[in-house]
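Notes for the one structure printed next.
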Protein chains: 2
Amino acid sequence: MAATTVTLTAERILEATEEVLRRHGPAKATVVDVARALGVSHGSVYRHFRTKAALREAVSKRWLDRTSETLADIAADTGRDPEARLRDWLAALFEAKRRKAGDDPELFATYMVLSEESGALVGEHIADLTGQVAGIIEAGVASGAFAVPDPATEARAVFQATGRFHDPAYRDVWRDPEADGDFEALVELLLRGLRAS
Amino acid sequence: MAATTVTLTAERILEATEEVLRRHGPAKATVVDVARALGVSHGSVYRHFRTKAALREAVSKRWLDRTSETLADIAADTGRDPEARLRDWLAALFEAKRRKAGDDPELFATYMVLSEESGALVGEHIADLTGQVAGIIEAGVASGAFAVPDPATEARAVFQATGRFHDPAYRDVWRDPEADGDFEALVELLLRGLRAS
DNA sequence: GGACTGACAGATATTGAAATCTGTCATCTG
DNA sequence: CAGATGACAGATTTCAATATCTGTCAGTCC
């Protein structure tokens with residue numbers, strides 16, 4: 001009945017899962033739904049992903065990695081002033097999270113249930129991002145723009161201090177018009193703390 | 001059967017409600033339970049509090065106010081160095097929240113459901129605390145220890161930046177042994193940002 | 001008469017039976 | 001033989017009946 005039977009790959013399953021999640025949300029999306037969307041039996045999905053949790057994790061990882069790469073581009077742009085880079089990097093992080101929460105609330109919700117069930121993956125993602133910040137701060141210390149004893153520690157502090165603007169738990173305040181002003185004020189305060197005195 | 005019939009006051013009801021909440025938690029505590037604990041009918045409770053939500057709110061307000069007063073003492077101690085005062089104030093806030101979350105998890109949970117349903121009360125509490133921080137920063141500006149354009153804005157930024165150490169949503173990380181080091185590093189970064197350069 | 005009670009209506013929560021889902025695996029198909 | 005299937009057991013979710021709770025109020029009791 002089917003025309004060309006395309007091979008069932010992990011990639012195709014992830015694509016379909018994302019679509020199902022977008023439509024049904026994490027609470028109601030089942031692997032049976034995913035299989036139905038692909039026109040295969042759910043047993044076939046289990047050939048590629050050992051559990052439903054693994055599938056959810058893979059979807060979230062892809063999603064997390066996309067953010068990470070965009071930011072890495074900013075962080076790695078060594079031609080630019082470290083201070084401007086850090087400012088942009090933090091703004092890009094805030095903007096990315098805010099946009100994703102607004103555009104795909106259901107997918108975003110999936111990511112939030114993930115945070116609770118799979119600390120490891122999220123932990124790695126945060127370590128990755130913190131590492132990017134540390135890189136920018138190191139460049140700033142090298143150029144004399146910043147003066148701090150340990151860039152890694154400061155990076156952690158900066159990341160945690162800005163939690164309100166990237167932690168999913170705060171997604172509701174991102175819609176508040178005051179959020180942008182608050183963000184600016186906080187970033188300036190942090191930059192003053194990093195600068196050489 | 002009862003010995004001396006004591007008058008039923010709002011205060012006594014709050015006391016009993018706190019006890020019921022501590023034992024049953026916010027999800028299972030009913031006003032019938034509260035009435036039973038006091039040996040009265042639940043109709044009597046409604047004479048003092050118009051709704052269950054109002055009762056919950058009153059309990060939480062008392063609870064919030066106690067924290068507020070302790071901190072106000074530190075903030076108002078104008079004899080001391082503003083920098084040390086801010087450091088202590090933030091540490092006291094963190095410590096108070098951490099202790100409450102650990103000692104009375106059920107009461108703490110009550111406060112968390114309150115945050116979601118009654119933004120106004122929590123908003124006032126936060127405005128109060130932010131005001132205390134602003135006071136300390138103003139003193140610092142006056143003494144020349146700090147150099148910032150607008151103490152109120154900086155106070156907001158400081159309060160938001162330290163959210164990880166006082167926002168109930170983060171109660172799980174407060175148990176992490178790394179939390180104290182993270183807190184110290186963040187406070188130092190913020191203080192450097194406030195200091196005159 | 002003012003504080004309290006308890007019966008009541010409508011809203012909410014609990015419960016247990018039925019439906020659905022997850023994850024496995026013997027079997028089939030190309 | 002590699003990949004897919006669908007029947008199955010146990011876990012989880014859904015749903016509707018039942019029980020409990022919230023909030024009101026006419027009436028009781030000092």
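Proteins come first, then strands; the chains are lettered A, B, ... in the order of their sequence lines, and each starts at number 1. Not measured: the values here are computed from a predicted model.
- The shortest heavy-atom contact between Ile136(A) and Pro82(A) is CG2-O, 3.4 Å.
- Salt-bridge formation is not detected for the pair Lys28(B)/Glu106(B): no Lys NZ or Arg NE/NH1/NH2 atom is positioned less than 4.0 Å from an Asp or Glu carboxylate oxygen.
- With sequence neighbours excluded, no residue satisfies side-chain contact (heavy atoms from CB on, under 4.5 Å) with Ala142(A).
- Of all the residues in residues 110-120 of chain B, not one reaches under 4.0 Å from DNA chain D with any non-hydrogen atom.
- In this structure, Arg36(A) pairs ionically with Asp33(A), as a charged nitrogen and a carboxylate oxygen lie closer than 4.0 Å.
- Of all heavy-atom pairs spanning Leu38(B) and Leu8(B), the tightest one is CD1-CD1, 4.0 Å.
- Against DNA chain D, the stretch residues 13-33 of chain B makes heavy-atom approaches under 4.0 Å through Thr30(B), Val31(B), Val32(B).
- By the 30° and 60° cut-offs, the orientation of the rings of Tyr170(A) relative to Tyr170(B) is tilted.
- Bounding nucleotides for the chain A contact on DNA chain D, 5' to 3', at a heavy-atom distance below 4.0 Å, are dG3(D) to dA7(D).
- What you find for Ala53(B) and Glu117(B) is that their closest heavy atoms are CB-OE2, 4.3 Å.
- The 12-atom threshold is exceeded at CZ of Arg80(B), counting heavy atoms of other residues, nucleotides or ligands nearer than 6.0 Å.
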Exercise. Given side chain to side chain contact (heavy atoms under 4.5 Å, CB included), test Asp182(A) with Thr153(B) step by step and report yes or no.
Key: CA-CA 8 Å; Asp182(A) 286 346; Thr153(B) 302; over 6 Å; no
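- Within a 6.0 Å radius of CZ in Arg12(A), other residues, nucleotides and ligands contribute more than 12 heavy atoms.
- If one axis is set at each end of the helix from dG1(C)-dC30(D) to dG30(C)-dC1(D) from five pairs, those axes are 10° apart, to 10°.
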Quiz item: Yes or no on salt bridge (charged side-chain N to carboxylate O under 4.0 Å, His left out) for Asp180(A) and Arg98(A), after CA distance, side-chain angles and deciding distance?
Solution: CA-CA 11 Å; Asp180(A) 289 290; Arg98(A) 176 146 67 172; 2.8 Å; yes
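- Residues of residues 36-49 of chain B having a heavy atom closer than 4.0 Å to DNA chain D, listed by number: His42(B), Tyr46(B).
- With salt bridges taken as basic N to acidic carboxylate O contacts below 4.0 Å, one links Glu83(B) and Arg87(B).
- No donor-acceptor contact under 3.5 angstrom links the side chains of Asp65(A) and Ser68(A), judged on distance only.
- Looking at every heavy atom in both residues, Thr162(B) comes nearest to Val158(B) through OG1-O, 2.9 Å.
- Remark: Lys100(B) NZ is packed, more than 12 non-hydrogen atoms of other residues, nucleotides or ligands lying under 6.0 Å away.
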